[in-house]
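To start, the structure under review is shown below, and the notes come after it.
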Protein chains: 2
Amino acid sequence: MDSLTEENYIKSIYALSLATGEVFVSELAKKLNIKQPSVNSMMKRLATKKVVAYAPYKGIRLTEKGKKEALSIIRRHRLAELFLVKVMELGWEEVHDIAEQLEHVDSKRFYSRMDEMLHFPKFDPHGEPIPDSNGKIYTQKRTSLSDLAEGLTATIAAVGEDEKSFLDHLNAKGLQIGDAVTLKKREPFDGSVTLQHKSKKEILLTHQVAERIWVEVTFTRS
Amino acid sequence: MDSLTEENYIKSIYALSLATGEVFVSELAKKLNIKQPSVNSMMKRLATKKVVAYAPYKGIRLTEKGKKEALSIIRRHRLAELFLVKVMELGWEEVHDIAEQLEHVDSKRFYSRMDEMLHFPKFDPHGEPIPDSNGKIYTQKRTSLSDLAEGLTATIAAVGEDEKSFLDHLNAKGLQIGDAVTLKKREPFDGSVTLQHKSKKEILLTHQVAERIWVEVTFTRS
DNA sequence: TTAAAAAGTTAGACTATTCTAACAAATTAA
DNA sequence: TTAATTTGTTAGAATAGTCTAACTTTTTAA
Ligand SMILES: [Mn+2]
Ligand SMILES: [Mn+2]
Ligand SMILES: [Mn+2]
Ligand SMILES: [Mn+2]
């Protein structure tokens with residue numbers, strides 16, 4: 001129905017619109033590494049297909065149809081990532097690039113079997129929610145490790161990136177989803193944080209890294 | 001390196017050339033459901049890329065490079081099919097269409113994990129040999145069930161089609177790879193055969209079906 | 001409230017694939 | 001060995017995606 005190219009546009013529009021609701025041609029062009037005029041013509045095409053609402057010089061919005069398609073692609077992506085980690089035993093840092101390809105596979109059976117084998121999972125290996133087959137997605141407000149108060153203990157719930165280099169960095173630091181960490185100290189100068197980790201080791205993260213880690217507060221200082 | 005389209009051409013050229021060695025534009029066009037002039041221009045392109053040797057009005061031949069690529073695509077296809085059957089528990093009749101898509105996934109890790117999980121398998125779910133990672137393929141001369149002498153018992157080794165409709169037909173007849181069958185009778189009029197099957201049932205197959213089933217003779221009449 | 005800067009558009013061009021129409025070469029049949 | 005028939009090629013056009021160059025509109029800053 002949609003081409004692989006169109007699917008990638010739709011997914012990016014969805015990702016960018018999560019915050020603001022509206023997406024600009026320039027943002028989308030930057031995200032997709034494509035020039036603005038190319039994005040402009042694609043928007044005309046997607047508007048014709050009723051996937052986006054688009055008026056010149058105004059922003060881009062996904063229609064209901066567009067949102068549904070975006071969620072379906074995201075579902076396939078995250079299901080694939082989890083399958084690659086749980087069933088095929090690949091590392092969380094190497095699955096994103098493969099899932100970028102698998103998400104375009106057109107086969108209900110392929111995905112429904114994944115879903116069954118994984119027992120209808122709710123989160124992908126990076127802690128991101130997997131939309132259900134009706135497009136419902138679990139959204140919770142999350143706290144960034146860069147905002148956690150000193151002295152609090154929290155559990156790592158998600159990481160906001162699935163780029164290999166970022167995940168390799170977390171692997172090197174020994175951090176995983178589900179780990180409990182206590183924020184020992186935040187440096188006022190550069191925002192870097194020192195964590196107490198279950199491994200007993202102290203871990204130092206820069207602000208750049210800490211702000212991409214989402215946590216759930218588990219214990220409050222008494 | 002090669003586009004999905006180019007990969008599909010290469011795979012088809014390989015399949016068609018197995019018998020004769022040379023492939024004609026008309027055959028390839030028919031197989032790919034593409035018009036002759038389109039095939040003609042693609043052959044020029046693949047010739048430039050040194051994947052095929054092609055001279056106007058002569059046939060098409062894959063170069064060594066082209067053969068290597070064909071075997072690599074076939075390897076990915078068959079590994080994917082077996083993975084879908086053994087790991088994901090899909091039926092042998094539903095995996096071909098998915099494998100047509102998975103074979104184009106660009107990821108060594110994805111395929112090497114499949115290979116490991118399946119313990120470096122030699123045959124796909126339809127009995128076709130899986131080329132190894134160096135492109136070596138196991139070719140044995142096979143006997144068609146349509147040529148098996150009356151009274152002989154043989155084991156079903158492979159089926160020469162992976163179209164769903166054909167495999168659905170075999171499912172309906174209760175035939176699987178590995179089953180022992182004894183050829184009870186061949187009708188001279190239409191070439192249809194009656195088999196004695198392990199299920200104790202007698203199975204009647206038309207010539208059209210029997211000629212697509214490959215067997216290994218296990219017992220000879222004394 | 002002007003003048004830059006940033007964002008968005010149009011026009012025109014290029015590659016990858018594919019098609020139809022028309023013509024040429026090779027093969028087959030009479 | 002001519003005349004069909006089949007096969008293969010060229011030429012020209014179309015669609016999906018993308019790009020650069022050249023504007024135009026909006027936004028921001030002075
Ligand atoms: Mn991902
Ligand atoms: Mn993810
Ligand atoms: Mn197949
Ligand atoms: Mn097969």
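Per chain, numbering begins at 1; letters A, B, ... match sequence-line order. All heavy atoms count here, side chains included; hydrogens, waters and symmetry mates do not. Note that the structure is predicted; figures quoted are calculated from it, not measured.
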(request) Using a 4.5 Å cut-off on heavy atoms from C-beta on, say whether the side chain of P129(B) contacts that of R78(B). (result) yes

(message) I want to verify a distance call: between dG8(D), dT17(C), dT18(D), whose nearest atom is closest to the S3(B) side chain?
(response) dT17(C)

(message) Measure CD1/I60(B) against C1'/dT7(D) and give the value in whole Å, please.
(response) 12 Å

(message) I'd like to know if E128(A) pairs up with R142(A) as an ion pair, taking the criterion as any Lys NZ or Arg NE/NH1/NH2 lying under 4.0 Å from an Asp or Glu carboxylate oxygen.
(response) yes

(request) Using whole Å, report how far CG of L28(A) lies from P of dG8(C). (result) 10 Å

Side-chain polar contacts of residues 37-44 of chain A - donor-acceptor pairs under 3.5 angstrom, sequence neighbours left out - could you list them?
unit_1	atom_1	unit_2	atom_2	d
N40(A)	ND2	Y54(A)	OH	3.0
S41(A)	OG	P37(A)	O	3.0
S41(A)	OG	S38(A)	O	3.3

(message) Tell me the interatomic distance from L32(A), atom CG, to dC19(D), atom P, rounded to whole angstroms.
(response) 10 Å

(message) For D168(B), is there an ion pair with K164(B) - N to carboxylate O distance below 4.0 angstrom?
(response) yes

(message) Contact list please: residues 5-25 of chain A against DNA chain C, heavy atoms, distance less than 4.0 Å, in numerical order.
(response) F24(A), V25(A)

(request) Verify, without hydrogens or angle tests, whether E69(A) (side chain) and G66(A) (backbone) share a donor-acceptor contact under 3.5 angstrom. (result) no

(request) Give a yes or no answer on whether the side chain of D124(B) reaches the backbone of H126(B) with a donor-acceptor pair at less than 3.5 Å. (result) yes

(message) Just to be sure I understand the geometry, which residues of residues 36-44 of chain B put a non-hydrogen atom under 4.0 Å away from DNA chain C?
(response) P37(B), S38(B), S41(B), M42(B)

(request) Report the distance from atom CG of D2(B) to atom C1' of dT17(C), rounded to the nearest whole Å. (result) 15 Å

(request) Take the protein atom NZ of K30(B) and the nucleotide atom P of dG8(D), then report the distance between them rounded to whole Å. (result) 11 Å

(message) Regarding E64(A) and K67(A), does a basic nitrogen lie under 4.0 Å from an acidic carboxylate oxygen?
(response) yes

Please tabulate, for the side chains in residues 9-17 of chain A, all donor-acceptor contacts under 3.5 angstrom to protein atoms that are two or more places apart in sequence or on a different chain.
unit_1	atom_1	unit_2	atom_2	d
K11(A)	NZ	E100(A)	OE1	3.0
K11(A)	NZ	E100(A)	OE2	3.0
K11(A)	NZ	E103(A)	OE1	3.3
K11(A)	NZ	E103(A)	OE2	2.8
S12(A)	OG	N8(A)	O	3.2
S17(A)	OG	I13(A)	O	3.1
S17(A)	OG	Y14(A)	O	2.9

(message) Expressed as a whole number of angstroms, how long is the span from L4(B):CG to dG17(D):P?
(response) 14 Å

(request) Verify the contact: side-chain N or O of S26(B) to OP1 or OP2 of dT6(D), cut-off strictly under 4.0 Å; return yes or no. (result) no

(request) May I ask you to test the R61(A)-V52(A) pair for a side-chain heavy-atom distance under 4.5 Å? (result) no

(request) Please round to the nearest 0.5 Å and tell me the distance separating atom CD1 of I130(A) and atom NE2 of H77(A). (result) 10.5 Å

(message) Less than 4.0 angstrom between a side-chain N/O of Y54(B) and OP1 or OP2 of dT9(D), yes or no?
(response) yes

Hey, can you pull the donor-acceptor pairs under 3.5 Å for the side chains in residues 83-93 of chain B, sequence neighbours left out?
unit_1	atom_1	unit_2	atom_2	d
W92(B)	NE1	N171(B)	OD1	2.8
E93(B)	OE1	N171(B)	ND2	3.3

(request) Report the end-to-end axis angle of the helix from dT1(C)-dA30(D) to dA30(C)-dT1(D); each axis comes from five terminal pairs, and the value is rounded to 10°. (result) 0°

(request) Round to the nearest Å and state the distance from Y57(B) atom OH to dA25(C) atom P. (result) 6 Å

(request) Round to the nearest Å and state the distance from I34(A) atom CD1 to dA7(C) atom P. (result) 18 Å

